[in-house]
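Scroll down for the structure; my scribbles are underneath it.
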Amino acid sequence: MRPFEYVSAPDVATAVRAISDAPGAKLLGGGTNLVDLMRQDVERPTTVVDISGVPLTGVDELPDGGLRIGALVRNSRLAAHPVVRARFPVLAQALLSGASGQLRNMATVGGNLLQRTRCLYFVDASAACNKREPGSGCDAVGGFHRGGAVLGASEHCIATHPSDMAVALAALDAVVEVESVRGTRRVPLVELHRLPGDTPHRETELEPDELITAVEVPASTAAATSRYRKVRDRASFAFALVSVAAAIDVQDGAVAAVRIALGGVAAKPWRAYEAERVLTGARATEAVFREAAEAELAGAVGLPGNEFKIELARRTIVATLRQLRVEGGAA
Amino acid sequence: MTQAPERVSPPVEPPVVDSGPVVGRPVDRVDGTAKTSGQARYSAEFPYPDITHAALVHADVARGRITTIDSADAEAVDGVLAVITHRNAPKMAEAPKVSLLDLSTMAAGTRVNYLNTDEVHWNGQPVAVVVAETLDAAHAAARLVRVQYEALPAVTDFAAAQGDTKPAKGGMMGAGEAKKGDAEAALATAPVSVDATYTTPPQNHNAIEPHATTAFWDGDELTVHDATQSIDWVRKHLAIRFKVPAAGIRVVATYVGGGFGGKGSVWAGTLLAVLAARVTKRPVRMALTREAVFRTVGGRAPTVQRVALGAGHDGLLTALVHTGVSAVGRTGGNAEPVGSQSQHLYAARSVLIQHRTTELDMLPNTFMRAPGEAVGSFALESAVDELAVELAIDPVELRTRNEPERSPTDGKRFSRQNLARVYADGAERFGWAARDPKPRSMRDGRRLLGWGVATAFHMPIQLPADVSVRLSADGTVLVRSSFHEIGVGAATAQAQITADALGVPLDAVTVEHGDSDQPPAPMAGGSGQTASLAAAVLQACDRIKREALALAGKAPGSPLHGLRPADLRATGGGLFRADVPAGAEHAGETYADILARAGRDHLEARTGSDNRFRSAVGQARFMAGFLNDRRKWVRAAIGAHFCEVAVDEDTGEVRVTRWVGVFDVGRVVNAKTAASQLRGGVVMGIGAALGEETLLDPRTGRIMNPGLGEYHLPVHADVPRIDVSYLDEPDPTAPLGILGIGEVSIVGVAAAVANAVHHATGVRVRDLPVTLDRLL
Amino acid sequence: MIEVELRVNGTAHRVELDPRVSLLDALREQLGLTGTKKGCNQGACGACTVLVDGDRIAACLALAVQYGGREITTIEGVAHPLQRAFVRTDGLQCGYCTPGQICSALGMLAEADAGMPSAVTEHLAEPRVTLSSAEVRERMSGNLCRCGAYNGITDAIREVAGARPGVSS
């Protein structure tokens with residue numbers, strides 16, 4: 001790890017000033033991703049602004065039944081929150097399926113959203129990676145890319161975003177609140193992350209001097225019947241090959257409302273608008289689920305090592321909706 | 001001021017049993033408290049006040065020559081003491097030529113003379129070492145060493161190199177050939193046959209303790225704390241490489257955080273820590289990063305195997321062909337003897353076993369838990385399952401029907417023959433009779449269930465071992481030998497053996513190990529350590545008992561006066577007549593009484609010799625005897641694996657849900673630790689079956705997943721209850737009847753899983769690991 | 001260099017720290033508390049697990065400067081029946097992952113006491129946790145054991161969990 005200047009920020013104002021004053025500064029929350037990447041020489045901040053003491057740790061119910069989640073709430077605390085468990089089970093499940101008990105105790109909501117790809121070629125400084133070193137090429141395309149994207153990728157980058165929580169938040173129409181010296185702004189979560197195009201090094205819509213302060217999750221009728229299904233290579237403690245966050249409200253056998261997002265398949269949590277369009281108003285049957293999944297994956301493009309994800313994503317969508325239909329019916 | 005730390009001897013737990021025979025009982029580990037309290041020290045944990053830290057710089061080309069090294073930025077880092085490269089490194093001698101008369105000549109993991117050459121032989125080879133006052137400075141500076149190479153053409157694609165193979169040499173892992181009759185012709189005319197290709201990927205040991213070395217020179221005397229399974233090899237090898245007397249080298253490895261073969265050889269980290277200590281004249285600690293372990297310590301080689309079986313409709317095998325190609329490095333490594341078990345397991349009328357290798361410009365492979373059999377059994381035992389399906393014969397029945405009376409290729413006798421028994425026991429415990437053989441016939445909701453079996457087989461080795469046993473007048477016993485505690489409960493087992501041999505309570509025995517100041521022990525490998533040591537411990541205890549009897553026999557007042565060793569048994573802390581009930585008057589006396597009368601404060605016996613010449617002669621004699629013995633017998637530990645998998649019908653996810661393993665491993669010294677070790681092999685096998693794969697990019701020869709995040713070891717959630725049992729009958733040809741148990745239980749595991757997956761899904765996966773994409 | 005007060009096992013240590021130093025390295029190299037192990041230095045194995053204010057964390061990914069004034073417990077500060085249970089059930093072999101397993105298990109038991117669910121919890125809204133074998137195995141999956149002592153570890157944890165009021169196993 002290269003040396004850096006360490007600044008401990010007690011509040012939001014100090015933090016945003018510190019990152020504004022020091023280009024090349026990085027915010028440090030739980031450290032689970034940043035410290036690892038600094039050790040691998042992928043992240044080389046000149047200044048590290050420690051925000052772990054900033055009081056953004058509340059989980060508050062909003063008047064409309066939604067939730068406001070402080071950016072520094074630990075993943076484990078958010079997953080255990082009674083309101084999350086009761087009204088947004090998809091979010092609790094996504095959080096609990098991520099990483100390990102130790103890491104969930106460290107990782108923050110903001111840091112989770114901004115974690116970087118686990119692409120094998122991104123973390124190896126000897127490999128070509130357009131995300132790490134713009135213009136150097138992409139060794140993953142012709143190499144190992146089991147974890148790579150099948151939706152929204154480009155010839156320049158096939159990295160996936162590794163977060164589980166963000167997939168659930170994308171399905172829940174969450175909004176991210178961002179602060180900088182210029183003030184506060186709100187970004188819908190589905191617009192926070194960018195697809196790679198020819199600038200894969202630009203991963204989010206945030207400016208380098210912006211700090212995520214909170215995430216708001218609006219109330220939703222569908223969220224009560226929601227679920228996160230994560231498919232991975234071992235039973236626990238592994239990143240998703242494919243994951244599905246789904247929430248569905250079935251009335252009289254027909255889909256009244258539905259929200260679906262996919263993980264492990266794109267550079268961002270992939271909101272499945274096409275599938276939702278097919279499903280909305282249709283009968284909640286296996287055939288319709290399959291049709292919706294086909295529609296969503298119609299534009300998917302695979303490489304030899306990750307082509308299986310296209311069919312896996314379809315099947316996981318169907319399986320998740322099927323299970324929700326059973327659970328919703330039983331409720 | 002630097003001082004070697006005090007010798008650590010493991011604290012002894014309160015006794016579980018205070019007297020009586022303890023061999024076989026489920027005794028708690030003697031070092032359990034040390035390990036659960038954080039007091040057990042591993043090789044990177046010995047405090048030296050002026051310790052320095054070393055970090056490696058790795059090549060990022062597969063083959064080439066170093067053209068320039070710019071270390072200015074690294075040297076400028078605050079706290080950096082030295083940047084050592086081939087330009088400024090002191091000379092090290094080459095690795096010695098391998099000789100069967102001195103096994104330590106096999107110690108080198110590779111033939112590369114690190115930092116003494118500008119040649120690069122694999123992507124990841126160390127090309128520089130940075131030594132600094134702090135860990136962070138060393139690692140930060142290592143990133144700043146800029147090396148340029150003239151890249152040379154390299155062969156790094158195992159799959160593409162299949163056209164360029166040659167017959168395997170013998171060597172450490174013993175890849176023999178076997179031929180009986182004309183197997184290919186018999187195959188062609190067999191009424192029923194299977195003929196398939198199986199592949200297994202490179203794997204890494206991934207002991208949770210990364211390799212670490214702490215080295216300190218005092219003149220030409222060297223102290224090394226090394227995470228090793230081969231203390232004696234490390235010592236002899238360092239003596240050769242650094243041209244100093246072995247007598248001046250002390251190697252300490254009291255506790256080793258797992259080995260599995262990965263710490264059996266001497267790899268770059270050990271050599272370069274010692275080299276760096278020589279350069280800096282300070283104690284140096286080289287704690288390899290996980291990535292550095294992947295890049296500098298060999299793993300299991302990838303294999304491509306063909307197994308073809310021909311049989312009559314009665315299921316009796318007429319032909320068995322098992323051939324394999326494995327990768328070796330250009331600078332070392334051995335063929336994976338994948339056909340090892342295939343020479344002995346089935347009574348085929350014709351047999352062909354062949355091993356070939358292909359040389360790659362990559363880090364040489366090394367032995368990893370059950371080299372050969374662990375992956376060879378995947379092919380063989382999958383093929384047997386395929387044949388069972390073809391024949392519509394139950395796979396257990398097919399195996400027992402083909403159990404040979406004598407080893408089919410060479411006519412040797414088996415020291416034990418219990419395959420049918422372990423299968424019968426396992427089938428009973430598992431409930432195998434309820435299996436519907438049709439694929440996709442059993443389910444649990446949306447999960448398809450499958451049951452599979454496979455055979456475990458492993459031939460443990462024996463090596464010469466030296467021990468000293470000291471019986472003190474207070475009745476306590478001290479056993480010393482530089483053996484290795486890599487997790488098997490080695491000290492506990494030897495304490496049990498000693499207690500019973502001398503007839504003293506377990507808590508009277510202290511065992512010191514893991515230090516080359518003790519009598520030399522063999523490497524912890526080949527499942528041979530426990531039996532090898534047992535032979536020496538029994539011999540030493542026998543000498544002590546004879547000496548005690550001789551002392552007593554001289555005293556007219558002793559109840560032992562005039563008795564011969566055969567008349568006695570060791571019990572109750574002394575020697576007593578075997579023909580009278582325990583506790584009878586004047587039946588014998590305690591060692592304490594014997595020694596007190598004789599005015600002795602202890603008796604001591606030591607096997608082997610410190611004299612180098614006699615030691616070498618003894619070793620050669622032992623090996624000759626061992627090899628001669630091997631010519632007569634097939635001495636193998638065996639087992640039967642039964643497993644259940646659940647496969648998600650939607651996603652193809654495979655989970656192992658149930659496991660029964662029944663083994664014949666000869667006598668078991670400790671029921672508790674033996675069961676753990678047998679379970680551990682199954683767990684590692686589950687990893688190999690479902691997830692483990694070292695990803696070598698064929699374009700560059702670079703390992704792309706050199707970490708535990710992306711190399712998937714099994715986690716808690718992957719491992720069900722593993723029901724292990726064993727016959728517990730002594731092997732008549734082995735010391736104390738002990739066969740080794742370190743490796744047998746991994747053998748067959750991957751095949752059992754793949755066979756169960758086939759039963760669940762109807763899909764036959766012939767390439768490890770069995771990942772879900774193969775089942776969609 | 002930054003001066004920090006590290007409170008470890010009830011003792012306060014004033015240490016000068018390079019901000020790069022991880023909590024793990026500070027414990028092992030500066031305080032000589034080598035019971036906490038380094039297995040991967042990437043948060044992927046759990047060998048470095050310690051408790052901070054009762055929560056289990058991976059000390060390798062924690063910068064020590066972030067943890068001034070917090071109550072840190074390492075294996076050297078643990079005296080708990082769980083340790084004896086590990087020996088009895090043989091929930092260890094080489095011992096290298098063991099301190100992390102034990103600290104992780106203690107943190108996990110506290111999480112279960114607080115009613116925190118896991119990825120395999122059937123009824124998320126249920127405030128009480130039943131530590132079935134599946135629950136223990138999921139919750140302990142951040143701690144790798146290459147020797148494969150998982151059965152014994154699960155047994156030890158369930159044995160201790162079952163012996164305590166408020167948690168059923």
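Since the model is a prediction, treat every value here as computed from it, not as a measurement. Reminder, nothing fancy here: chain letters follow the sequence lines and each chain counts from 1. Scope of the values below: all heavy atoms of this structure, side chains included, with no hydrogens, waters or symmetry mates.
Interface remark: A/Asp50 contributes side-chain atoms only to the contact with chain C (heavy atom separation under 4.5 Å). The part of A/Gln40 that comes within reach of chain C is its side chain, from C-beta onward, which places non-hydrogen atoms under 4.5 angstrom from that chain. With a threshold of 4.5 angstrom between heavy atoms, A/Ser8 does not approach chain C through any atom at all. Looking at C/Glu126, the atoms closer than 4.5 Å to chain A (heavy atoms on both sides) all sit in the backbone: N, CA, C or O. Residue A/Leu34: no heavy atom, backbone or side chain, is found under 4.5 Å from chain C. In this structure, chain C has no heavy atom under 4.5 Å from any part of A/Pro82. When heavy atoms are compared at a cutoff of 4.5 Å, A/Phe4 approaches chain C by way of both its backbone and its side chain. Interface remark: C/Asp18 contributes no atoms to any contact with chain A (heavy atom separation under 4.5 Å).
None of A/Arg77, A/Arg74, A/Arg104 except one satisfies the side-chain hydrogen bond (donor to acceptor under 3.5 Å, both in side chains) rule with C/Asp55; the exception is A/Arg77.
Nearest heavy-atom pair across C/Leu144 and A/Arg234 is CD2-NH1, 4.2 Å. Shown here for A/Leu103 and C/Gly43, the closest heavy-atom pair between the two residues is CD1-O, 3.5 Å. Across A/Arg85 and C/Pro127, no two heavy atoms sit closer than the pair NH2-CA, 4.0 Å. In this structure, C/Arg20 and A/Arg2 approach most closely via the heavy-atom pair CD-O, 3.5 Å. In terms of heavy atoms, C/Glu138 sits closest to A/Leu96 at OE2-O, 4.0 Å. Between A/Gln102 and C/Ser104, the closest heavy-atom pair is NE2-OG, 3.4 Å.
Of the inter-residue distances, the one linking A/Gln93 atom CD with C/Thr121 atom OG1 reads 9.5 Å to the nearest 0.5 angstrom. Taking CG of C/Asn41 as the start and CZ of A/Arg39 as the end, the distance is 4.0 Å to the nearest 0.5 Å. We find the OG-CZ distance between A/Ser100 and C/Arg139 to be 13.5 Å, quoted to the nearest 0.5 Å. Considering CZ of A/Arg87 and CG of C/Leu124, their distance stands at 14.5 Å, rounded to 0.5 Å.
A donor-acceptor pair under 3.5 Å is formed between the side chain of A/Asn105 and the backbone N or O of C/Arg56.
Interface summary for chain C: among A/Pro3, A/Ala99, A/Gly53, the most heavy-atom pairs under 4.5 angstrom belong to A/Pro3. Between chain A and the options C/Pro19, C/Pro117, C/Ser141, heavy-atom pairs under 4.5 Å are most frequent for C/Pro117. The choice from C/Met116, C/Gln42, C/Gln66, C/His123 that makes the most heavy-atom pairs within less than 4.5 Å of chain A is C/Gln66.
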